[in-house]
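Chain identifiers are assigned alphabetically (A, B, ...) following the order of the sequence lines, protein sequences preceding nucleic acid strands; residue numbering begins at 1 within each chain.
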There are 4 protein chains.
Amino acid sequence: MTVKSLKEARRDQILKSAEKVFSDKGFLNSTISDVAKETGVSDTTIYEYFSSKEELLFSIPREGIELSKQMLDSHLNYISGTTNKLRGMIYHLCKFYQDNPYFASISLMTLKTNKKFMETDTYKDLKEYYKTMTDVIKEGIQSGELKSDTDPYFVRSVIIGSVEFIVIRWLMYGCPEDKTQPILSVDPLFKLIMHGTKKDKRMKNFNFKIKIEPEDEDGEEA
Amino acid sequence: MTVKSLKEARRDQILKSAEKVFSDKGFLNSTISDVAKETGVSDTTIYEYFSSKEELLFSIPREGIELSKQMLDSHLNYISGTTNKLRGMIYHLCKFYQDNPYFASISLMTLKTNKKFMETDTYKDLKEYYKTMTDVIKEGIQSGELKSDTDPYFVRSVIIGSVEFIVIRWLMYGCPEDKTQPILSVDPLFKLIMHGTKKDKRMKNFNFKIKIEPEDEDGEEA
Amino acid sequence: MTVKSLKEARRDQILKSAEKVFSDKGFLNSTISDVAKETGVSDTTIYEYFSSKEELLFSIPREGIELSKQMLDSHLNYISGTTNKLRGMIYHLCKFYQDNPYFASISLMTLKTNKKFMETDTYKDLKEYYKTMTDVIKEGIQSGELKSDTDPYFVRSVIIGSVEFIVIRWLMYGCPEDKTQPILSVDPLFKLIMHGTKKDKRMKNFNFKIKIEPEDEDGEEA
Amino acid sequence: MTVKSLKEARRDQILKSAEKVFSDKGFLNSTISDVAKETGVSDTTIYEYFSSKEELLFSIPREGIELSKQMLDSHLNYISGTTNKLRGMIYHLCKFYQDNPYFASISLMTLKTNKKFMETDTYKDLKEYYKTMTDVIKEGIQSGELKSDTDPYFVRSVIIGSVEFIVIRWLMYGCPEDKTQPILSVDPLFKLIMHGTKKDKRMKNFNFKIKIEPEDEDGEEA
DNA sequence: GATGAATGAGACTTCATTCAT
DNA sequence: TATGAATGAAGTCTCATTCAT
């Protein structure tokens, strides 16, 4: 439990307001005045806490990114096996965006294409976050769960790209009120990543009686 | 062959300039004056051809989308089999963005998150484009090349999302000069979409002698 | 005779207004809006002609300095002898400030203590102007009209410093309406510069008739 | 010796800080916050001691002016003869500015052209100071050391104007570190004020034999 | 058809100053 | 006494857009 000073509390208040305002109207269509009104303070007060509109923008996602990373790390500890972890990661990615649509909006629709943001410390945090994902994939390759010719960076890009694409559409069409319904059911993406979409002709065989005479012990799924 | 009137030529000139300027500086950081200078006309002339800065922006991608769609359609005619067509689609998507980085920049970094753009006719063209991709996937399902439980919209999203994610990073980090080198080698994405990343343990079985006694023809995976 | 374009005319109009406004309220207490109102245009128009308030300020004295220098050069051509020229210079200095009190105000009360102004081209013009004065003094030394141990830069400083001091007081106490009355009668300054203020005790001797029989031409004071 | 209360000490501290800050950045470019930081107190504290930024500014030179006047008075007591006193005055003027460059800067570059300052008590002190100088000159006229047609106010103006002009240039070009070297050697100014710069042709006569036959009593220079 | 000239609206930002503690 | 917090008022400057030529 942290006890926040008044100053910190006010700062957080401004950040929350800015997050909402920038989400709703877009960063460049929003004014400091909008944020001030939303917060219930004067324009000037905003500048007491943030030196510029841009600094305010860049300050918004920090907490979200940290929180998301902590949650992910925490959950991953409960999961064993790369396959399961990958599924957990995808689930977390979707859920976090869905639970934090303002954060999602600012991250995906404003900051993602902002070059200056790439020079901030917060962006470094984001890269750390990405690293967690890549590490899981790398582990899977080493443990033999994933194909040995897998490019972990590439798989990560596909996962993030897919989720972001879907979240952006969700945001663009207006996030539905019913938040119990997931944006994207995790399993389709998970299955695609795992097994691909091509029908495996050999599967037909399973309808037949076969006699298999194993020579070693390591068979998997039935 | 179309013979363009002077008016049309001038219009295209302005569009090309705007594409470049908006790409380089971002839409909101660019001024009509920048575009006018790049075109070599006066600010006012821009307004002779486009009623507002936004209309100018929205007019930029039309030709690109049409061209890309035509090219895709044309190429698909040469390819038979969903699997091959999917690969062709992915290849075309990557190549077109890479060959038209200004178009890519504006499409992916400005328009993709612009709600008003979604109400334009050009956006309808884009949806047509997407439909072409979905149709290929649907065909693949019907023909039995792709798994029957595949959600074609979802697979399309994964493909587009992945490609866009990678193209955006390419744009953000500064498109390298050497354009002969592809942004993303098509096959990794294609293979992932087709076969997934999970190692198929049954493959090991191929090392063993097996006896197969077929009974009927239409088995599906459970 | 020069025919000024509309653009030049408008520019001059703004300069004149700015000169007046900055004089009356001081540069830093004046707003662009004040200048715009005085000119009868919108604020924005000011920025069409000058890129910033400071550039506007620095642009004001150029014409004045050039004009004053031309007038001085012109007058000096009519005068022979350093002594007479010095008197002409002092007269011109006083008269120009008196005839152009706005110019005087901005030059002496705003620009004189502005370090950035010292980096402008206009300041170079001013140094040229100063040079004209120093040259006259140097000539006087060479011709033998002025004492040979005179430091021309120093004499020039005394002349300018004295005149400026008096003009500043005139400005500060509010330039009297009656402009026919000179700020400073030239001759007191001229006489002081020439002969000093100390009573020459030897002068008493001149109460006598004397016969002088020169022997050579190049005597110097002991 | 005065024993200063804490309050007075703090006030002096603020004045010293303000003197430095206003000197370095200029009055209008300085903020109360700058002064507060330099002093090591909060902005609000400044207002405990001075009712406004302007009052703070106007309060700065009082002590300096009083001190300079006391020093001048004190020194003049040691000197007899107007000529010598004038030289002493010029020397003191230069030395005091040089020893107190912050004071010089604020006096000459900010207050000198501030009309409101002319309504303060401190400005009255300054006029007293000026009067001391005028009085010395008047005495010189009465005692016959100075020409009888000398305008004492005018001579004073020339002295102050010359010194100020030179000090301002010294300040503008950045006061050199070596403070042992005087800004302006006193004697050139003193000599100029005393004897002028014109070569006295009659001096030549002293090299010759002359015959003098007095006739009447009232001759002056021609 | 093209444009030079002008502008209204509004954005960001600064800072002297006050108030409550 | 000292100050942390807050703000009202104002200023510079930008830019999409229009109008008259």
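Between the CG atom of D/Leu28 and the P atom of E/dT14 there is a distance of 17 Å, rounded to whole Å. C/Asp34 places its CG atom 12 Å from the P atom of F/dA10, with the value rounded to the nearest Å. Note: CG (A/Asn29) to P (E/dA11) measures 10 Å, nearest angstrom. E/dG1 atom C1' lies 12 Å from atom CD1 of B/Ile14, rounded to whole Å. Taking atom CG on A/Asp43 and atom P on E/dA16, their separation rounds to 19 Å, with Å as the unit.
In this structure, A/Ser33 reaches neither bases nor backbone, as no heavy-atom distance under 4.0 Å exists between it and the strands shown. The residue A/Ser30 sits close only to the backbone: its heavy atoms come under 4.0 Å of sugar-phosphate atoms, none of a base. Backbone-only engagement by B/Ser52 is indicated by non-hydrogen atom pairs under 4.0 Å involving sugar-phosphate atoms exclusively. Using a 4.0 Å heavy-atom distance criterion, C/Tyr49 is classed as a sugar-phosphate-only contact. At a threshold of 4.0 angstrom between heavy atoms, the contacts of B/Thr44 include nucleobase atoms, whether or not backbone atoms are also involved.
Side-chain N/O atoms of D/Asp34 and D/Thr31 include a donor and acceptor closer than 3.5 Å.
Base pairing analysis places F/dG8 opposite E/dC15; the two distances defining the Watson-Crick or G-U wobble pair are each below 3.5 Å. The pairing partner recorded for F/dT14 is E/dA9, the criterion being a Watson-Crick or G-U wobble arrangement whose two distances lie under 3.5 angstrom.
One finds no side-chain N or O of C/Thr45 lying less than 4.0 angstrom from the OP1 or OP2 phosphate oxygen of E/dA6. At E/dG4, none of the side-chain N or O atoms of C/Arg10 fall inside 4.0 Å of OP1 or OP2 (strictly under the cut-off).
By the 6.0 Å and 45° rule, C/Lys53 does not stack over the aromatic ring of C/Tyr47.
Comparing C/Thr31 and A/Gly40 by the nucleotide of DNA chain F whose heavy atom lies nearest to each, the residue mapping closer to the 5' end is A/Gly40.
Judged by distance alone, the side chain of D/Glu55 and the main-chain N or O of D/Ser51 form a donor-acceptor pair under 3.5 Å.
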